[in-house]
Amino acid sequence: MGAAMRKARQRRLVVPAYAKVNLGLEVLGLREDGYHELRTLFQTVELHDDVAIELRTSGVTLACAHPAVPCDASNLAWRAAEQLLRHAGERRGVALTLVKRIPVAGGLGGGSSDAAAVLRALDAMLGLRLGATGLYPLARRLGADVPYFLFGGTALGLARGDEIYPLRRQLEAQVVIVDAGRPVATSAVFRRIDAGLTPRENSSTIYRFVSSDLDGSPGYQILTNDLERAALEEAPELAGVVRRARALMLRAGAFFTSLSGSGSSFYGLFDDAHSARKAVDLLRGAGVTAHRCRTLSLDRYRRTWERALRTAGARPTWTQ
Ligand code: C5P
């Protein structure tokens, strides 16, 4: 590819923005900043949105055909673009186009992942070379889940869920995600748990799960999601779907099932594609919308990004 062509190509990039599930989520207490002190395990999955980023002479625009996605400054991807342009002292603008596949307000981090994708892509397109570490403060300001998507894979999230520690053991599984088709507002779920919240300095389940890396047994069964009960109180019509989906997934052979984040998406993990396919058939037979995909490790996450940036002729900054 000639230099002129490479330069022209760099003006437009299409990158994937992957979804996450929470493999366990503990709420330890309310923080002084109004957020909650969390301990969670994040896991990226192959289900993804596509984010197209095109450099323009000025301003930010956003287009998305999904009726529930705002196309103005209330969209996190828009704010990510604005913040990065300001940070870089860049006068040019950006036109964003989102193709949404990740259920909206479903606890799968779609909005946060789109925002992180914009940061990553613009970093490369503008040749800023900030990398994950340099983008971290910007990501953190945008939202508690955004920093995780700068890394991906299996990672421990502490503090507001924005202090990220990638784990040595990267989990591999087939994933079946149920789209309950009912958005749930994260802030409402957190507000609901406050009434019954007993502050805890510590809790042992995620600690035990992570440290089992050292002595063998994976022990998924010990993981729980502290938001599940509040989410089902917030959206009582979800309870029936979750109960049915859990029973069908376990029947098909799931070794773990859980609500993701504050819901409404519910998922199951499977050792093999055959059982996962069986679960999807059972769920669809019961009138439940389900997607099958695989987990995405830290390495695969990084490689798909490198590929996306390289096709556009932009130099990847992952390895910084
Ligand atoms: O940071 P973000 O805007 O993604 O968080 C959405 C909402 O979830 C916050 O407004 C807050 O109500 C709640 N939240 C929380 N504690 C966290 C993360 C999120 O209370 N650690």
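Note that the numbering runs from 1 along the sequence shown for the chain. In this text, all values refer to a predicted model and were calculated from it rather than measured experimentally. Whatever order the structure lists them in is the order used to number ligands and atoms, beginning at 1.
- Under the 6.0 Å distance and 45° angle rule, Arg300 does not count as a cation-pi partner of Tyr18.
- In the candidate list His36, Arg160, Arg140, Arg141, His36 is nearest to atom 20 (O) of ligand 1, counting heavy atoms.
- The shortest contact between atom 18 (C) of ligand 1 and any protein heavy atom is with Tyr35 CD2, 3.5 Å.
- Considering only non-hydrogen atoms, atom 8 (O) of ligand 1 lies nearest to Thr186 out of Ile193, Thr186, Asp194.
- Between Phe256 and Tyr220, the ring planes are tilted. Angles from 30° to 60° get that label.
- Among all protein heavy atoms, the one lying closest to atom 10 (O) of ligand 1 is Ser187 CB, 4.1 Å.
- Near Ala144, with a cut-off below 4.0 Å to any heavy atom, the atoms of ligand 1 are 1 (O), 2 (P), 4 (O), 18 (C).
- With respect to the salt-bridge test (charged N to carboxylate O, under 4.0 angstrom), the residues Asp49 and Arg101 do not qualify.
- For the residue pair Gln43 / Thr154, a side-chain donor-acceptor distance below 3.5 Å is found, with atom types taken as modelled.
- Of all the atoms in ligand 1, the ones that sit under 4.0 Å from a non-hydrogen atom of Leu38 are 21 (N).
- Using a 4.0 Å cut-off to heavy atoms of Gly143, the atoms of ligand 1 that qualify are 1 (O).
- Under 4.0 Å from ligand 1, the heavy atoms of Phe190 that appear belong solely to its side chain.
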| request: Using the ring pair (Phe, Tyr, Trp, His ring centres under 6.0 Å) rule, take Phe255 and Phe270 through it: C-alpha gap first, then chi angles, then the decisive distance, then the call. | output: CA-CA 6 Å; Phe255 63 83; Phe270 299 81; 7.7 Å; no
| task | For the pair Arg182 and Ser264, evaluate side-chain hydrogen bond (donor to acceptor under 3.5 Å, both in side chains) and give the outcome as yes or no after the intermediate values. | result | CA-CA 6 Å; Arg182 197 288 192 194; Ser264 56; over 6 Å; no
